[in-house]
> 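My structure is below; once you've seen it, I'll send some questions.
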Amino acid sequence: MRKPLMAGNWKMYKTAGETKSFFEKFLPLVAVATHADVVICPPFVNIPAAVEATETSRVEIGAQNLYWKNEGAYTGEVSGPMIFAAGARWVIIGHSERRQYFQETDATVFQRTQAALACGLNPIVCVGETLAEREAGATEQVLKTQFEVGLGSLAPEQFAKITIAYEPVWAIGTGKTATPETAAEAHRFLRGLISAKFGHPQAVQTRILYGGSVKPENIKGLMAQPEIDGALVGGASLDADSFSAIVNF
Ligand code: PEP
């Protein structure tokens, strides 16, 4: 049985003070939510504030990216061991905004994923098609390539630690959510890829989150799909009331 995971991606929002205020309001609202794992991914600089604020709670903290070298002359980058030492235990990898604005590729997704696993971080690896790709009927081919190049060469024991987030690019920050059926169809396809590569027992265990304009109003319908194991939430995770409503779906 896969336990739901609700992860918030704060993108480039909130200061350390705003991070602290968020958790003061949010933690009491999810105090009894043991049915789901909860992760918040603030900007790098606010990881320590978030870790401190959540120390006595079940909420865990993640980063939004990492570089694959442990240290060196890579100005502006942050490594996995630094993220882990700051107290985060999760990391988002290959978000479509990273692919779109920072030239990340499936090949660098693989490098980042390996680096995250090597230092004990739990990767949430994002895949998903653009609107043009969906309209061209290429959704499955895009997901297959992202899966095979980004994750397919992991060792089975490495893959066992992966969470996948299916995030159709056309649904991120646009207010357009995939219908629960459309999302579930993509999740089923991804689960088939996992089964073919890593075996059926692994496919049954891997959590696949949906991401793309998830809100309190649509989370129930999405979570009613047995294929959907939780959500990666951008905009609606910035507000304690709306993200707690999603967690407590
Ligand atoms: C995201 O940032 O991963 C995301 C899905 O954003 P939003 O919920 O705002 O669409």
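For ligands, and for the atoms within them, numbers begin at 1 and follow the listed sequence.
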> Please output the side-chain donor-acceptor pairs of residues 66-89 that fall under 3.5 Å, not counting sequence neighbours, one pair per line with the distance.
{"residue": "Ser79", "atom": "OG", "partner": "Asn70", "partner atom": "O", "Å": "2.9"}
{"residue": "Ser79", "atom": "OG", "partner": "Met82", "partner atom": "N", "Å": "3.4"}
{"residue": "Arg89", "atom": "NH1", "partner": "Phe84", "partner atom": "O", "Å": "3.0"}

> For ligand 1, which atoms have a heavy atom of Gly212 less than 4.0 angstrom away?
5 (C), 10 (O)
> Give me the nearest non-hydrogen protein atom to atom 8 (O) of ligand 1 as residue plus atom name, then the distance to 0.1 Å.
Gly234 N, 2.8 Å
> Of the choices Glu167, Lys11, Lys215, Lys176, which has the non-hydrogen atom that lies closest to atom 2 (O) of ligand 1?
Lys11
> Could you tell me which atoms of ligand 1, counted from 1 in the order shown, lie closer than 4.0 angstrom to a heavy atom of Ala171?
10 (O)
> List ligand 1 atoms under 4.0 Å from Ser213, heavy atoms only on the residue side.
7 (P), 8 (O), 10 (O)
> Quick one: list whatever passes side-chain hydrogen bond (donor to acceptor under 3.5 Å, both in side chains) with Arg191, sequence neighbours left out.
Glu227, Asp229
> Show me which atoms of ligand 1 lie under 4.0 Å from any heavy atom of Gly173.
7 (P), 9 (O), 10 (O)
> Do the charged groups of Glu140 and Lys144 touch, with an N to O distance under 4.0 Å?
no
> Would you check if Thr139 and Glu133 make a side-chain contact, meaning some heavy-atom pair closer than 4.5 Å?
no
> Which bit of Glu97 gets closer than 4.0 Å to ligand 1, counting heavy atoms only: side chain, backbone, both or neither?
neither
> For atom 1 (C) of ligand 1, what is the nearest protein heavy atom, given as residue, atom name and distance?
His95 NE2, 3.2 Å
> Is there side-chain contact between Lys215 and Ser213, with heavy atoms separated by less than 4.5 Å?
yes
> Atom 9 (O) of ligand 1: which protein heavy atom is closest, and how many Å away?
Gly235 N, 2.9 Å
> Considering the options Thr105, Thr130, Asp106, which one meets the side-chain hydrogen bond (donor to acceptor under 3.5 Å, both in side chains) requirement together with Arg99?
Asp106
> Side chain, backbone, both or neither: which part of Asn9 has a heavy atom under 4.0 Å from ligand 1?
side chain
> Is any side-chain heavy atom of His35 closer than 4.5 Å to a side-chain heavy atom of Lys3?
no
